[in-house]
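Okay, so here's the structure we're looking at.
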Amino acid sequence: MIRKVLTMSFRFRARQIPLAALSLSLGLVCLSAPPAQAFPFFGKKPEATAKTPSAKGAPRVQGPKAAPVDGPSATLPTQEQTAASKPASAKERQAARSLDMINQASFWLGELEKNPSDAEAALEGSIALRKIGSAERAVQLAAMGLQVKGESPQLWAALALGLVSGGENEPALQALQKAAALNPKDSNLQSAMGVVYDRLDRADLAATAYEAALKLAPDDASILSNYGLSIAMAGDLKKAEDMLRRANQSPLAPPQARQNLALIVGLQGRFEESERLASRDLPPSVASENIAYLKAMLNGGENRWTQLRQEKTN
C-alpha cells in the first residue's frame, strides 16, 4: 500500500515568482503519499537543499568486496559489528518513517550499505532524498531498487519523481508510463503524467491524463487542483476557477487548493476575494504582499499573464 506521509505543518511564505513559472508550480505528486498535493503560487517555501547524508559513503549498486577471512591475519567480527551489519527489523523500519527527512535518508542509506539489494530501502531512501533536494541521488537509489525489483510501480514512480525534480521531464514521463502500465488503477500516476505533460507544454495530453485520473478518483481535491492550474495555463481562467472551486468543496482539500484558487481569482482582477481566500492559510501581511505583487504584474506597464498566453500560442 502507498502510505500518506506528507505533513501539513509547513510554514507559508510569500513567493514572488513570475507568472511564466506557473506551469512549473503544478503539483508534483508524492506518489508515496496520496493524495497528491498541489504546489501553490502562494504557498510553502520548498525545502532547502540539504547535504545528502551518508553513513560510510554512497551506496553502490554492487556490494563491496568482502575482506578475506581465511588468512592468518583475519579476525572475526565482534558482537557489536555483527549486530550493526544486520538489517533493521520491521519495527525499526516503521519507526524510521516517523523521522524527519534528513534522518530518514540517513537511515535508509545505512540499510543499503548493509544490503545494496534491499529494494525497500532503495524506495524509501529515494523518496527521502528527493524531499531534501538530492534529486540525482534519489534517481540513483530508485535505479538500484529497480535492478532488484524491476516490476515495482512504486520504484518506477520514485524514479520518475527524481527525474522531474532534476528537470528531466521526458525520461520521467517514460518512467511514469511504465509505472502506470504496472498499476493502471493508481490515480496518482495518471495525475503525475498530467503534471509532466504540462511541463512539456502538452496541454492536450495533460488534460487526457487528468481526466483519466478523475475517472479513478472523481473527487480527489489535489487532482482537481492540478487540473485547474493546467486549464488556467491553457488560457481559460473561468473554467479553471470552476475546477478549483470543485476541489475546495472537499473537506479533505489541502491548503494548496485554496491558494491555487486565490491565484486564479486574483488573475481575474478580483483582488479582495483573492486576498480573503489566501488569508485562510497565510498571515494577513503575507497575503497582502502576494496580492500587491499580483496587482503590479496585472496593472503594470505590461500584463504578464496576457503576454505569457501570447507566447504559448505563437
Side-chain angles (χ1 to χ4, degrees), residues 1-6 24 26-39 52 58-62 93 97 101 104-105 108-109 111-112 115-200 202 205-206 208-217 220 222-223 226 230:
M1 289 292 293
I2 301 177
R3 294 174 303 280
K4 180 173 178 63
V5 295
L6 199 63
L24 298 181
L26 289 163
L28 182 59
V29 297
C30 176
L31 294 171
S32 65
Q37 301 298 325
F39 190 68
T52 304
R60 295 173 291 276
V61 175
Q62 295 181 345
R93 291 185 172 215
R97 295 185 178 99
M101 285 299 152
Q104 282 194 44
W108 296 112
L109 284 169
E111 291 301 287
L112 279 168
N115 178 13
S117 298
D118 188 335
E120 180 186 31
L123 173 61
E124 299 285 358
S126 178
I127 293 169
L129 285 165
R130 177 175 54 81
K131 288 183 177 180
I132 64 173
S134 297
E136 186 176 350
R137 294 294 305 283
V139 169
Q140 177 192 10
L141 263 64
M144 287 175 62
L146 285 168
Q147 290 186 14
V148 180
K149 200 173 181 181
E151 298 299 300
S152 167
Q154 292 86 359
L155 280 165
W156 279 107
L159 177 67
L161 291 178
L163 288 167
V164 174
S165 295
E168 300 289 337
N169 293 312
E170 289 281 6
L173 181 60
Q174 295 175 16
L176 282 170
Q177 289 169 338
K178 174 67 174 180
L182 292 167
N183 189 6
K185 294 186 178 181
D186 189 333
S187 62
N188 284 328
L189 293 171
Q190 299 295 333
S191 183
M193 282 194 282
V195 171
V196 176
Y197 277 127
D198 273 316
R199 294 187 172 196
L200 293 170
R202 292 300 308 271
L205 295 178
T208 299
Y210 290 127
E211 291 290 350
L214 288 175
K215 285 182 180 179
L216 296 168
D220 189 300
S222 297
I223 296 173
N226 283 347
S230 178

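Just so it is clear, the structure is predicted and the values come from calculations on it, not from any experiment.
Summarising the geometry of Ala158 relative to Ala142, their closest heavy-atom pair is C-CB, 4.1 Å, with the distance given to 0.1 Å. Between Ala179 and Trp156, the shortest heavy-atom contact is CB-CB, 3.7 Å. Residues Ser126 and Ala138 approach most closely at OG-O, 2.7 Å, considering heavy atoms. Among all heavy-atom pairs drawn from Val148 and Ser117, the shortest one is CG1-O, 3.5 Å. Taking both residues in full, the closest heavy atoms of Gly194 and Ala206 are given as O-CB, 3.5 Å, listed atom of the first, atom of the second, then distance. Taking both residues in full, the closest heavy atoms of Gln104 and Arg97 are given as NE2-O, 3.0 Å, listed atom of the first, atom of the second, then distance.
Proximity of Leu123 to Ser152: side-chain heavy atoms (C-beta onward) are nowhere separated by under 4.5 Å. Between Gln190 and Lys185 there is no side-chain heavy-atom pair separated by less than 4.5 Å. For the pair Tyr197/Leu176, no side-chain contact is recorded, criterion being any heavy-atom separation below 4.5 Å from C-beta on. Side-chain atoms of Leu109 and Leu141, non-hydrogen and from C-beta on, do get closer than 4.5 Å to each other.
With rounding to the nearest 0.5 angstrom, the OG atom of Ser187 is 5.5 Å from the CG atom of Asp220. Annotation: the span from Leu155 atom CG to Ile127 atom CD1 amounts to 8.5 Å, rounded to 0.5 Å. Here the CD-CG distance, from Glu124 to Leu112, works out to 11.0 Å after rounding to the nearest 0.5 Å. The line from CZ of Arg130 to CG of Leu159 is 11.5 Å long, rounded to the nearest 0.5 Å. One distance of note links CG of Asn169 with CG of Leu200; it measures 5.0 Å at 0.5 Å rounding.
In this structure a side-chain-to-backbone donor-acceptor pair under 3.5 Å is missing from Ser230 to Asn226.
Remark: Glu170 does not engage Arg199 in a salt bridge, criterion side-chain N to carboxylate O under 4.0 Å.
Taking Glu168 as the reference, nothing meets the salt bridge (charged side-chain N to carboxylate O under 4.0 Å, His left out) condition, with sequence neighbours excluded. The salt bridge (charged side-chain N to carboxylate O under 4.0 Å, His left out) test applied to Arg202 returns Asp204, not counting sequence neighbours.
Screening Arg93, Gln154, Lys149 for a side-chain hydrogen bond (donor to acceptor under 3.5 Å, both in side chains) involving Glu120 leaves a single residue, Arg93.
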